[in-house]
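Okay, so here's the structure we're looking at.
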Amino acid sequence: MQYFSMNSSPHFLLLSVTIIGLLGRSVCDEGFCSASSILNVESKPLYWKVTNPTLSPSHLQDLPGFTRSVYRSDHALITPESHVFSPLPDWINTLGAFLVTPAMGAHFVMYLGKMQENSKSSLPPNDVERFIFIVDGNVTLADAFGKSHKLTVDSYAYLPPNFKHSIECDGSTTLVIFERRYSFLENHVTEFIVGSTDKQPLLETPGEIFELRKLLPTSLPYDFNIHIMDFQPGEFLNVKEVHYNQHGLLLLEGQGIYRLGDSWYPVQTGDAIWMAPFVPQWYAALGKSRSRYLLYKDVNRNPL
Ligand SMILES: *[C@@H]1O[C@H](CO)[C@@H](O)[C@H](O)[C@H]1NC(C)=O
């Protein structure tokens with residue numbers, strides 16, 4: 001194309017357009033019409049897109065004003081094109097996008113943290129517990145005992161309320177973080193935990209076929225757990241769940257249909273969901289690869 005602008009001869013231009021037209025046709029004849037090729041675009045008739053709409057999700061995301069994100073009173077779907085990052089208060093060199101907060105009715109926050117070079121966390125407020133999961137990159141976690149832990153993709157840590165720690169990073173790392181005001185129980189305390197998904201055993205899921213791992217102990221001190229749930233394409237939740245627990249979900253892999261209330265949403269990797277108590281919820285995995293999601297769930301406390 002650079003050649004055109006350097007040569008303004010009308011004859012040359014006419015000849016070139018003709019050649020491009022022929023080229024475009026011969027490429028299509030072989031059944032390899034490439035929509036992204038500049039040559040083909042130039043030879044398309046005016047308005048050709050009206051009869052050749054593109055429905056691929058990646059194209060939809062480029063439409064002005066279009067987003068798959070939805071915010072309702074009992075659920076929200078927050079898709080990557082609508083993430084808004086801003087500096088995390090008190091953290092150093094870290095941007096955050098809050099996906100679930102108490103303003104929606106949740107009793108926890110769920111946010112993405114994007115740590116950059118020489119970045120460092122701050123502590124959560126008093127009596128707030130924290131869970132971090134590495135989605136991309138790696139961090140060094142210094143605990144209250146003076147020990148350092150290298151956390152890479154798929155590993156996580158649980159920081160009990162009022163537990164001194166710092167998360168540092170010298171590359172570029174994305175974390176998903178959950179925080180909640182801890183619901184204290186007499187004679188029970190939670191412990192500092194570092195782990196990785198692949199080290200957690202598969203658990204029984206009676207009546208269901210998805211694979212379940214829990215990242216935290218199921219014992220009484222813990223007032224929430226983080227589940228990792230895997231579905232092969234075509235697998236779905238058997239129980240059409242309606243329950244008192246709240247959820248924050250991040251789809252780590254795959255795509256499918258999430259039902260929330262009376263709406264069915266196509267979802268894909270990177271999508272986040274907020275589910276209020278009692279919203280009817282159901283998932284079916286589609287596509288060609290495994291669906292894996294990470295799910296916050298409050299447990300072990302009397303809802304009264
Ligand atoms: C951790 O991140 C740094 C900086 O991005 C990178 O150079 C290093 O290879 C990573 N280490 C591991 C174990 O992934």
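Order of appearance sets the numbers: ligands from 1, and atoms from 1 within every ligand. Residue numbers count from 1 along this sequence. The analysis underlying the following values was restricted to heavy atoms, covering all of them including side chains, and did not include hydrogens, waters or symmetry mates. All values reported here derive from a predicted model rather than from experimental measurement.
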Look at the aromatic rings of Tyr293 and Tyr258 and report parallel, tilted or perpendicular, splitting at 30° and 60°. tilted
Please write down residue, atom name and distance for the protein heavy atom closest to atom 14 (O) of ligand 1. Asn138 ND2, 3.1 Å
Heavy atom of the protein closest to atom 13 (C) of ligand 1 (residue, atom name, distance): Thr152 CG2, 3.9 Å
Has the side chain of Ser219 got a donor or acceptor atom that lies under 3.5 Å from a matching backbone atom of Pro221?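 Flag not set: sc Ser219 to bb Pro221 has no pair under 3.5 Å.
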Show me which atoms of ligand 1 lie under 4.0 Å from any heavy atom of Gly171.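 By the 4.0 Å cutoff, the relevant atoms are 4 (C), 5 (O).
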Identify the residue among Thr140, Asn138, Val194 that makes a side chain to side chain contact (heavy atoms under 4.5 Å, CB included) with Leu151. Val194
Side chain to side chain contact (heavy atoms under 4.5 Å, CB included) test vs Phe131 passes for just one of Leu215, Asn225, Leu159, Ile193, namely Leu215
Any non-hydrogen protein atom less than 4.0 Å away from atom 9 (O) of ligand 1: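 No, there is no protein heavy atom closer to it than 4.0 Å.
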